[in-house]
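Can you read through this structure? Questions will come right after.
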Amino acid sequence: MVSTGTHSDGVPVVAYRVARASGEVLAARQDDLDLYAASTVKLAVLVAAARALDAGTVRLDDTCVATRTFTSQVPGAGEYTIEPDDVDDGLPPDGTPMPLGDVVDRMVTVSSNEATNMVVERVGIPAVNQVLADAGATRSIFGRKYSDLAAEKAGASHTTTAADLCLLMSALVTGALASPERTAWMCELLGRQTDRQLTAAVPGGVPFGSKSGWVDGIRHDVAFVGEPGPDALVVAVCTRGYDEQAAEETLKALGALAVALASFEV
């Protein structure tokens, strides 16, 4: 979801990594640069949910209650609501029961911040950060629920690098983070993300999936192209300091180039 905040301090930058999911790096530029992650770290929340499903601690038909109000992780800060510009109008009214599976779906396909917070409350922030650690994404942090301004003011944030995003997506599509059943489930969800940037040029019939993120001055995307597994192409592009149109043109151009160089017909 869009945020009214800005994380565009510093000179404009384009950072990227293009790799095979097996680990072979094909191209990279400033891929170790620490950046605000925006919604790309929802990929780790998705994996944490998949692991909870594997463990049997949650089920897709578990009942959640739609809400736009959450409790800050800062002691004494009380409750907060999702910032107006970030509200997911596709969620049912507050208090409406909905299956956990539908909540996860909205977290991925439309990047709903409310849905993400609802999932995080089920799986816990430590479980999300364990996913990042297990994937080797050691410079990435999931620091707080979305719109928790008190936590943000206290220094809790979401950070990542293009390299870490590639490592996370690679671990996901190779099945290193969850069972085969849940890996397939995650890939299917990622294939239905509505904000297609890096995958815009993927030809019909070629599997793909992605998770983007954006706030003012930040536009990222991480994607896989090809059958999930070690041979899949994995691409992460992070931009900072560009307007929305320029950033999206950059993402789409680099995505098309990566797909073409990897011998997928465009």
Side-chain angles (χ1 to χ4, degrees), residues 1-17 30-48 70 82-88 106-117 119-120 125 128-129 131-132 135 137 139-149 151-153 155-169 172 189-190 193-199 209-223 234-252 254-255:
M1 307 298 286
V2 178
S3 171
T4 54
T6 180
H7 296 265
S8 59
D9 296 339
V11 298
V13 66
V14 177
Y16 61 79
R17 176 180 282 196
Q30 297 192 70
D31 61 344
D32 61 349
L33 181 66
D34 295 316
L35 294 162
Y36 179 69
S39 292
T40 56
V41 286
K42 292 173 183 175
L43 194 59
V45 181
L46 173 62
V47 177
F70 303 92
I82 294 290
E83 296 169 85
D85 285 350
D86 287 353
V87 167
D88 177 5
R106 292 205 68 79
M107 175 182 75
V108 176
T109 60
V110 299
S111 205
S112 168
N113 287 349
E114 297 98 313
T116 304
N117 285 0
V119 177
V120 169
I125 289 177
V128 179
N129 283 308
V131 168
L132 294 168
R139 297 177 70 129
S140 297
I141 298 171
F142 186 93
R144 56 176 171 79
K145 289 178 289 188
Y146 287 89
S147 288
D148 188 347
L149 300 183
E152 183 177 13
K153 186 176 180 180
S157 188
H158 306 308
T159 59
T160 196
T161 68
D164 274 7
L165 289 175
C166 261
L167 289 168
L168 177 57
M169 184 66 86
L172 189 160
L189 282 173
L190 294 168
Q193 184 193 212
T194 56
D195 179 46
R196 291 183 61 184
Q197 299 297 320
L198 292 176
T199 64
S210 61
K211 184 69 201 80
S212 63
W214 66 97
V215 296
D216 291 348
I218 289 283
R219 197 73 165 94
H220 305 328
D221 199 9
V222 57
V234 179
V235 185
V237 179
C238 301
T239 73
R240 181 185 68 195
Y242 292 90
D243 64 43
E244 183 177 1
Q245 182 177 358
E248 291 187 356
E249 176 63 21
T250 300
L251 289 167
K252 289 176 180 176
L254 287 172

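Worth knowing before you read on, the calculation uses all heavy atoms, side chains too, and leaves out hydrogens, waters and symmetry mates.
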Rounding to 0.5 Å, atoms CZ (Phe70) and CG (Asn117) come to a distance of 4.5 Å
Within this structure, what is the CD1-CG distance for the pair Ile82 and Asp148, rounded to the nearest 0.5 Å? 9.5 Å
Can you give me the closest heavy-atom contact between Tyr242 and Val13, atom names plus distance?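 Heavy-atom minimum between the residues: CE1-O, 3.5 Å.
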According to side chain to side chain donor-acceptor pair (under 3.5 Å), who are the partners of Asp164, at least two apart in sequence or on a separate chain? Ser140
What residues, two or more places apart in sequence or in another chain, satisfy side chain to side chain contact (heavy atoms under 4.5 Å, CB included) together with Leu254? Val14, Tyr16, Val237, Thr250
Atom pair CG/CD of Leu251 and Gln197 - distance to nearest 0.5 Å: 5.5 Å
What heavy-atom pair brings Ala38 and Trp214 nearest, and what distance separates the two atoms?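 Minimum heavy-atom separation between Ala38 and Trp214: CB-N, 3.5 Å.
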Mind checking what makes side chain to side chain contact (heavy atoms under 4.5 Å, CB included) contact with Ile141, not counting sequence neighbours? Asn129, Thr159
Salt bridge (Lys or Arg N to Asp or Glu O under 4.0 Å) partners of Asp243, counting only residues at least two apart: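 With neighbours one apart ignored, the set is empty.
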Sequence neighbours excluded, the answer for salt bridge (Lys or Arg N to Asp or Glu O under 4.0 Å) partners of Arg196 is none
Test side chain to side chain contact (heavy atoms under 4.5 Å, CB included) on Val234 and Leu165; report intermediate values, then the result. CA-CA 9 Å; Val234 179; Leu165 289 175; over 6 Å; no
For the residue pair Ala15 and Gln30, what are the closest heavy atoms and their distance? CB-O, 3.2 Å
What pairs with Ala156 under side chain to side chain contact (heavy atoms under 4.5 Å, CB included), at least two apart in sequence or on another chain?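 Counting only residues at least two positions away or on another chain, Ala156 forms a side chain to side chain contact (heavy atoms under 4.5 Å, CB included) with Gln73, Arg144, Ala151.
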Please step through side chain to side chain contact (heavy atoms under 4.5 Å, CB included) for the pair Thr109 and Gln193, ending with a clear verdict. CA-CA 4 Å; Thr109 60; Gln193 184 193 212; 5.6 Å; no
Atom pair CD/CD of Glu244 and Glu249 - distance to nearest 0.5 Å: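 So the CD of Glu244 and the CD of Glu249 are separated by 13.0 Å.
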Using modelled atom types and a 3.5 Å cut-off, is there a donor and acceptor pairing between side-chain atoms of His220 and backbone atoms of Ala162? no
With distance as the sole test, does Arg240 use its side chain to make a donor-acceptor pair with the main-chain N or O of Val11 at under 3.5 Å? yes
In Å and rounded to the nearest 0.5 Å, what is the CG to CG distance from Asp221 to Leu198? 4.0 Å
Sequence neighbours excluded, which residues qualify as salt bridge (Lys or Arg N to Asp or Glu O under 4.0 Å) partners of Asp32?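 By the salt bridge (Lys or Arg N to Asp or Glu O under 4.0 Å) rule, Asp32 matches no residue at all.
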Could you check whether any side-chain heavy atom of Val222 comes within less than 4.5 Å of a side-chain heavy atom of Leu168, counting everything from C-beta outward?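 Val222 vs Leu168: side chains apart.
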Worked check of side chain to side chain contact (heavy atoms under 4.5 Å, CB included) between Leu46 and Leu189: CA-CA 10 Å; Leu46 173 62; Leu189 282 173; 3.9 Å; yes
Sequence neighbours left out, what passes side chain to side chain donor-acceptor pair (under 3.5 Å) with Ser147? Give chain and number order. Glu83
My understanding is that only residues two or more places apart in sequence, or in another chain, count here; which of them pass salt bridge (Lys or Arg N to Asp or Glu O under 4.0 Å) with Arg219?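 Arg219: salt bridge (Lys or Arg N to Asp or Glu O under 4.0 Å) contacts with Asp195, Glu248.
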With a 4.5 Å limit on heavy-atom distance, are the side chains of Val131 and Phe142 in contact?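 Answer no - side chains too far apart.
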Indicate the atoms forming the closest heavy-atom contact of Gly209 with Thr199, along with that distance.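 The pair with the smallest heavy-atom distance is O-CG2, 4.2 Å.
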Expected output: side-chain Lys42 to main-chain Lys211 donor-acceptor under 3.5 Å: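 Here the side-chain-to-backbone pair does not exist.
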Not counting sequence neighbours, which residues clear side chain to side chain contact (heavy atoms under 4.5 Å, CB included) with Ala37? List them please. Thr40, Val41, His158, Thr160
Worked verdict on Asn113 versus Asp88 for side chain to side chain contact (heavy atoms under 4.5 Å, CB included): CA-CA 7 Å; Asn113 287 349; Asp88 177 5; over 6 Å; no
